[in-house]
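Labels below follow one simple rule: chain letters A, B, ... track the order of the sequence lines, proteins then strands, and each chain is numbered from 1. Predicted model, so just to flag it, every value in this text is computed and none were measured.
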2 protein chains.
Amino acid sequence: MRWDALEEEPCSMARTIGVIGDRWTLLILRECFLRTRRFEGFQSALGITRHLLAERLKKLVRQGVLRRIPYQESPKRHEYILTQKGLDLYPIMMAIVHWGDTHMVDVRGRPLLHQHRKCGKNFDPVMVCSECGEPLSAKEVHTHPGPGARSTPPAKAAPEKKAKPRRKAA
Amino acid sequence: MRWDALEEEPCSMARTIGVIGDRWTLLILRECFLRTRRFEGFQSALGITRHLLAERLKKLVRQGVLRRIPYQESPKRHEYILTQKGLDLYPIMMAIVHWGDTHMVDVRGRPLLHQHRKCGKNFDPVMVCSECGEPLSAKEVHTHPGPGARSTPPAKAAPEKKAKPRRKAA
DNA sequence: TTTGACAGTTCGATTTTAGAACTGTAAAGA
DNA sequence: TCTTTACAGTTCTAAAATCGAACTGTCAAA
């Protein structure tokens, strides 16, 4: 599987991974949400090599996640700003942060707190069902092929024969 | 920045990225949530090289995201099952899928639909504030250092001087 | 005895990434 | 005027990760 093939896959997860599914890209996006906009800003915040940074920024622009906007003529300089498509990545970012807050913090506690302007409180993000508003967990969700599924049904669920123990079981 | 250093960073996002922030790992986890459990299952579903698959599975087990459970003696065979820590990745997966559903589908529509068992409807995941229940967006959230922040305040927000246009502006 | 399923491991070739230096424009300071 | 600094990249070589394919080993079934 070549990586540009990811975006052709009939799977929204694979396609998204094709856009943001590498470590530097995710960290660059973190910086974007923390209001970093310029090449040097990203570079010094992340310690990424300039070569890779240039490449990743280009890709994010090509993909419509960032927009490259001039903020100065001669010498031409540009800022990288999140588009709406980019801003829509926020739930992914928050979900990642929240998992880290839950499972990866040390004794000192959370590095960053999030305050909701509307209600004024520090909060955790909760994922709920758009239809009934109840919190979601994997076990309560059933997936089935949609209109964009490929003929061979559920994308690529494993064939996995139903544990017919042809050998002496454990 | 070496990759094992990511998990030491005072940033829940960086730490999480250190665990799941590469393409194959994310795809392996997708398969886990689609109920794939065995080496061959992952390999044939993803087309990942066996070498990398073995390595990634080992890492996920080491990190407590998967548990390696014997399902047969002689020859010893194991299945890879999501732990609670792994199941807790569900909101991340759903957020990724949802972004793809919103921004990466072709004319044919979504490859996969999600049905909530509780209410019976196909749904989208919505991220809300744990305190007031309102949907969240980046602009409504203010971040500030928590107890686990490092001394030099907000992790690594860019120094970025306030657009003092020392040159003729655009 | 041979074949096939399964879960890996090994190894050479190819791709990516890291690290550092270099390019070019222009303002600011000596 | 000359030098330094800021900024946004590009170029180059070495090191690391990944690919692709073959190989290992156990056991059941044909």
Side-chain angles (χ1 to χ4, degrees), chain A residues 1-6 18 21-28 31 36-61 66 68-81 158-170, chain B residues 1-6 18 21-28 31 36-61 66 68-81 158-170:
Chain A
M1 188 192 293
R2 283 126 357 269
W3 280 120
D4 43 326
L6 262 188
D22 81 284
R23 290 156 137 153
W24 283 126
T25 299
L26 254 359
L27 288 172
I28 289 169
E31 290 308 310
T36 299
R37 297 151 127 76
R38 300 183 184 178
F39 193 92
E40 293 293 315
F42 291 109
Q43 205 282 320
S44 67
L46 298 174
I48 184 176
T49 64
R50 309 177 74 78
H51 178 50
L52 263 206
L53 176 58
E55 223 234 339
R56 292 290 193 270
L57 287 173
K58 235 173 241 166
K59 186 177 171 194
L60 286 170
V61 168
L66 298 180
R68 189 159 170 273
I69 298 177
Y71 67 91
Q72 164 188 292
E73 291 293 332
S74 80
K76 277 208 179 243
R77 293 278 184 269
H78 299 83
E79 297 188 310
Y80 296 90
I81 311 284
E160 201 173 338
K161 305 169 202 67
K162 266 278 90 81
K164 178 178 59 135
R166 306 163 314 149
R167 307 149 202 192
K168 56 186 175 197
Chain B
M1 190 192 292
R2 285 131 350 275
W3 280 120
D4 42 326
L6 262 188
D22 81 285
R23 290 156 138 153
W24 283 126
T25 299
L26 253 2
L27 289 172
I28 289 168
E31 290 307 310
T36 299
R37 296 154 128 75
R38 301 185 184 176
F39 194 93
E40 294 293 315
F42 291 110
Q43 206 282 320
S44 67
L46 298 175
I48 185 178
T49 64
R50 310 176 73 76
H51 178 50
L52 262 209
L53 175 57
E55 224 235 337
R56 292 290 195 271
L57 287 173
K58 234 173 242 166
K59 186 178 170 193
L60 286 170
V61 168
L66 298 180
R68 189 161 170 272
I69 298 178
Y71 67 90
Q72 163 188 294
E73 289 295 332
S74 80
K76 278 209 179 243
R77 293 277 183 272
H78 300 83
E79 297 189 310
Y80 295 90
I81 311 283
E160 200 172 339
K161 304 168 201 67
K162 267 273 90 83
K164 180 178 57 141
R166 306 163 313 148
R167 306 149 202 194
K168 58 186 173 196

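Partners of A:Lys76 according to the salt bridge (charged side-chain N to carboxylate O under 4.0 Å, His left out) rule, which considers only residues two or more places apart in sequence or in another chain, are A:Glu73. B:Arg50 is linked by a side-chain hydrogen bond (donor to acceptor under 3.5 Å, both in side chains) to B:Glu40, counting only residues two or more places apart in sequence or in another chain. A:Arg23 meets the salt bridge (charged side-chain N to carboxylate O under 4.0 Å, His left out) test with no other residue; sequence neighbours excluded.
At the heavy-atom level, B:Arg23 lies nowhere under 4.0 Å from the strands shown.
Judged by distance alone, with hydrogens and angles left aside, the side-chain atoms of B:Gln43 form a donor-acceptor pair with the main-chain N or O of B:Ile48 at under 3.5 Å. Side-chain atoms of A:Glu55 never come within 3.5 Å of backbone atoms of A:Lys58 as a donor-acceptor pair (strictly under, hydrogens ignored).
Between B:Asp4 atom CG and D:dA16 atom C1' the separation is 13 Å, expressed in whole Å. Nucleotide C:dT16 holds its P atom 18 Å from the CG atom of A:Leu53, rounded to whole Å. Taking atom CD on B:Gln72 and atom C1' on C:dA7, their separation rounds to 11 Å, with Å as the unit. Between the CD atom of B:Glu73 and the C1' atom of C:dA7 there is a distance of 15 Å, rounded to whole Å.
Secondary-structure annotation of DNA chain C gives the stems C:1-30 with D:1-30, with a stem taken as at least 3 successive Watson-Crick or G-U pairs whose two distances both fall under 3.5 Å.
Under 4.0 angstrom from either OP1 or OP2 of D:dA17 there lies no side-chain N or O belonging to B:Trp24. For C:dA26, one of the phosphate oxygens OP1 or OP2 lies less than 4.0 angstrom from a side-chain nitrogen or oxygen of A:Ser74.
Considering every non-hydrogen atom in both B:Ala45 and B:Glu31, the closest pair reads CB-OE1, 3.6 Å. Looking at every heavy atom in both residues, A:Phe42 comes nearest to A:Ile28 through CE2-O, 3.6 Å.
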Check the interface with nucleotides 8-10 of chain D: list each N/O to N/O pair with the protein under 3.5 Å, or write none.
residue, atom, partner, partner atom, Å
D:dA8, OP1, A:Tyr71, OH, 2.6
D:dA8, OP2, A:Glu40, N, 3.3
D:dA8, N7, A:Glu40, OE2, 3.2
D:dA8, N7, A:Arg50, NH2, 2.9
D:dG9, OP1, A:Arg68, NH2, 3.1
D:dG9, OP2, A:Tyr80, OH, 2.7
D:dG9, N7, A:Arg50, NE, 2.8
D:dG9, N7, A:Arg50, NH2, 3.1
D:dG9, O6, A:Arg50, NE, 3.1
D:dT10, OP2, A:Lys58, NZ, 3.4

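The side chain of A:Pro75 lies closest to C:dT25, out of C:dA18, D:dC27, C:dT25.
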